[in-house]
Amino acid sequence: MRTTQFPLNTVKETPADAEIASHQLMIRAGLIRKLAAGLYSWLPLGLRVLRKVEKITREEMEKAGALEVLMPALQPAELWQETGRWEQYGPELARLKDRHDRDFCLGPTHEEIITDLARNELKSYKQLPITYYQVQTKFRDEIRPRFGVMRSREFIMKDAYSFHLNQDSLQLTYDVMYQAYSNIFNHLALKFRAVIADSGSIGGAISHEFHVLADSGEDAIAFSTVSDYAANVEKAEAVMPAGTRGAATADLALIDTPDQHSIEDISSFLNIPASLCLKTLIVKGEEDSLVALLLRGDHELNKIKAEKIDGVASPLEFAGEEDVIRVCNCKPGSIGPIGLTIHIIADRSVVLMSDFVCGANQDGKHYQGVNWERDLPVPVQIEDIRAVVEGDASPDGLGKLTLARGIEVGHIFQLGTKYSAAMKAGVINEGGKNQIMLMGCYGIGISRVVAAAIEQNHDNKGIIWPANLAPFQVALCPMNMHKSERLKAAAEQLYQDLLAAGIDVLFDDRKVRAGFMFSDMELIGIPHCIVLGDRGLDTGTVEYKSRTAQENEEIPAADIIAFLKAKLNG
RNA sequence: CGGGGCGUAGCGCAGCUUGGUAGCGCACUUGUCUGGGGGACAAGGGGUCGCAGGUUCAAAUCCUGUCGUCCCGACCA
């Protein structure tokens, strides 16, 4: 391709509304343009990258035995009502009516549609297992779209769905897809982790997320320093701490703590570590009840864990100030478990605390020297409700947990019969009886992968594409070609030779100065660059520069094709 | 949804306080010079100042409404 026929649309100025590196670079390099909040057009250069992600994804799906289909983005409400998600999904579901006033939505995902398709098309257990996939546009009316295509309202997703007669078969396909996903991200040369995940609104029991590691990631993930344990922090288990509770050494005392509300306030006011403070959170329970959650002061509540406990409202909701005053006789900031009459759920680490500080349920007062058994009963219900922190023991007993940020680019689930049962999707089994199928579902955010790849691979000059993602493999940059007929002839010849060799080359035949050309090629992240000049023509050499290298290399002109081929295959 | 910021040329911004008919940089067009790291000079083209009302002789500027967009928050015990 020639730059005179393939406009680059690069911009020097960083757009004002782009926060993170990948968003800024996607605009500056001319990959995307914003249409409206969370809606982006893909320019030719960006689309080439998007297509590469699709291509690699398709190849691995085909290898995994999945069959490509294409389902409508516009979906009738009836199917969503069958599974109950028409009500459950909330405002994120983009709903609309047709001219006959019938309800539709723009699909945020396709479980309902594929399940409908499967129940009509699959009749016999002999057709199972089977996996369908598609690459298609999804719509989610996000609360707050941001970071360009990272969290947008319309995006490209590869979604796959598998159907099975039994759990063993589901597990087998799940494992195959897990491997296929690992292959995809390896081919894309991205640093990633597969982590145990919460299945969220999609549902089901077992699930893994695939995260591209990047500091700007919206998710926190935890993984063991020595084993392969890795989990989303939402799901990472905080194990019961080792050791036993210390003996009581201090006397119980009621102390004045005027205007000291947060754990931070109290620990600095009393000059004690936060780990000696007890944090009491009042949350809504079931049927208008309230529940107290106890945490060690230096720990934070994990909402996802808490709302899964019976008796706690889901989604988790904190009690209002009026409710707190009603059950605690004090405002938030002085709440404690002593004398509290509502149900109490304590985090595992709480029961090992001794001589601790907690609110006294009187405004401006706390107790210190508090000890379980002596001053108040040990809570009956002890659960894992806190977020893990760096250095916690790994739940598999091997090593400690490290925390990192990740961008969720893939998510696989074992759905079980959640959708197939609701929609009565069954086949005739070996015994001639109808049997509900088990399902798995597997998604990759294709457009998000592009952003995540940039997030992980860029420098102050621009994007540094991994080989398999680059819009072009090689940039051909002649210096002042318009001034030299022989250089022009040599450049044209090399361009043709590169094309003939099957190398995807971008020939910069614009009449621009060298610096301008180099800056553009570096901004758009072409991995390999060939510089042609009159100097080299005299010596029979061309210059090669890798996107990541500081120095150029001189290569004999006759060897350049072989040299590049070696680079591209290596 | 709550709070805040911002809407002026394709992009980045100034002008608004104190109303008087719109400007700068980049980009774009043409020309000359330059020619290995986003060049210089010159001449150009491009904006009903988000939209709708209102105040005024006069509104980018003041007032009201509205739409768009971005950021923050939803962990306070």
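Nearest nucleotide to the side chain of A:Phe518, out of B:rG37, B:rU69, B:rA74: B:rG37. Checking B:rC75, B:rA77, B:rG35 against the side-chain heavy atoms of A:Leu301 singles out B:rC75 as nearest. Nearest to the side chain of A:Ile263, among B:rA74, B:rA77, B:rG38, sits B:rA77. Closest to the A:Ser262 side chain, of the nucleotides B:rU69, B:rA77, B:rC13, is B:rA77. Looking at the side chain of A:Phe318, the nearest of the listed nucleotides B:rA74, B:rC75, B:rU69 is B:rC75.
Comparing A:Ala37 and A:Ala16 along RNA chain B, the residue whose closest nucleotide (by nearest heavy atom) sits nearer the 5' end is A:Ala16. When the nearest nucleotides of RNA chain B are assigned to A:Ser334 and A:Arg153 by heavy-atom distance, the more 5′-ward of the two goes with A:Arg153.
Not a single side chain to side chain donor-acceptor pair (under 3.5 Å) links A:Ser519 to another residue, sequence neighbours left out.
Using Watson-Crick or G-U wobble geometry with both donor-acceptor distances under 3.5 Å, B:rC49 finds no partner in any strand shown. In this entry B:rG36 has no Watson-Crick or G-U wobble partner, no candidate having both defining distances under 3.5 Å. Partner assigned to B:rC76 is none, using Watson-Crick or G-U wobble distances below 3.5 angstrom. Across the strands present, B:rU56 finds no partner; the criterion is a Watson-Crick or G-U wobble pair with both atom distances under 3.5 angstrom. Summarising the base pairing, B:rA9 is matched to no nucleotide, lacking a Watson-Crick or G-U wobble pair whose two defining distances lie under 3.5 Å. In this structure, B:rU29 and B:rA43 make a Watson-Crick or G-U wobble pair, each of the two defining distances being under 3.5 angstrom.
Here the separation of B:rU64 from B:rA27, taken at their P atoms, is 41 Å to the nearest Å. With both ends at atom P, the span from B:rG10 to B:rG47 equals 8 Å, rounded to whole Å. Look at the C1' atom in both B:rG44 and B:rA52: the space between them is 36 Å, to the nearest Å. Only the C1' atoms considered, B:rG15 is 8 Å distant from B:rA22, to the nearest whole Å. Only the C1' atoms considered, B:rA59 is 14 Å distant from B:rU8, to the nearest whole Å. B:rG4 and B:rG20 have their C1' atoms separated by 34 Å, given to the nearest Å. Rounded to the nearest Å, the gap between the P atom of B:rC71 and that of B:rG54 is 36 Å. For the C1' atoms, the distance from B:rC76 to B:rG5 is 26 Å, rounded to whole Å.
Dashed line: the shortest gap from a side-chain N or O of A:Lys34 to OP1 or OP2 of B:rC70 is under 4.0 Å. Checking the phosphate oxygens (OP1, OP2) of B:rG35, no side-chain nitrogen or oxygen of A:Arg513 falls inside 4.0 Å.
Residue A:Gly533 is classed as a base contact, given a heavy-atom separation below 4.0 Å to a base. A:Val531 comes within 4.0 angstrom of a nucleotide base, judged by non-hydrogen atoms across all strands. Nucleic acid contact for A:His23: none, since no nucleic acid atom lies under 4.0 Å from a heavy atom of the residue. Looking at heavy-atom distances under 4.0 Å, A:Glu19 makes contact with sugar-phosphate atoms alone, never a base. Nucleic acid contact class of A:Asp17 (heavy atoms, under 4.0 Å, all strands): sugar-phosphate only.
When atom types are taken as modelled, the side chain of A:Arg48 and the backbone of A:Pro471 share a donor-acceptor pair closer than 3.5 angstrom. Of the possible donor and acceptor atoms, none in the side chain of A:Glu543 sits under 3.5 Å from a partner among the backbone N and O of A:Asn552. Between the side chain of A:His458 and the main chain of A:Ile454, a donor-acceptor pair closer than 3.5 Å is present. At distances below 3.5 Å, at least one donor-acceptor pair connects side-chain atoms of A:Gln473 with backbone N or O atoms of A:Asp504.
The distance from atom CD1 of A:Ile143 to atom P of B:rC71 is 14 Å, rounded to the nearest whole Å. In this entry the distance linking CG of A:Asp508 with C1' of B:rG37 reads 13 Å, nearest Å. For the pair A:Leu294 CG and B:rC75 C1', the interatomic distance rounds to 16 Å; values are reported in whole Å. Rounded to whole angstrom, the span from the CD atom of A:Glu13 across to the P atom of B:rA9 amounts to 14 Å. For the pair A:Leu295 CG and B:rC76 P, the computed distance is 13 Å after rounding to whole Å. One atom, NZ of A:Lys545, and another, C1' of B:rG36, lie 13 Å apart when rounded to the nearest Å. In this structure, CG of A:Asn552 is placed 14 Å from P of B:rG36, rounded to the nearest angstrom. If you take CZ of A:Arg510 and C1' of B:rG37, they are 14 Å apart, rounded to a whole angstrom.
Judged by distance alone, with hydrogens and angles left aside, A:Arg28 brings a side-chain donor or acceptor within reach of the base of B:rG38, the pair sitting under 3.5 Å. Between the base of B:rG38 and the side chain of A:Asp520 there is a donor-acceptor pair shorter than 3.5 Å. The base of B:rG38 is not paired with the side chain of A:Lys12 by any donor and acceptor separated by under 3.5 Å.
Using a 4.0 Å cut-off between a side-chain N of Lys or Arg and a carboxylate O of Asp or Glu, A:Asp509 and A:Arg2 qualify as a salt bridge. Taking a cutoff of 4.0 Å between a charged side-chain nitrogen and a carboxylate oxygen, A:Asp17 and A:Arg146 do not qualify as a salt bridge.
The two residues A:Gly364 and A:Ser334 make their nearest non-hydrogen contact at N-OG, 3.3 Å.
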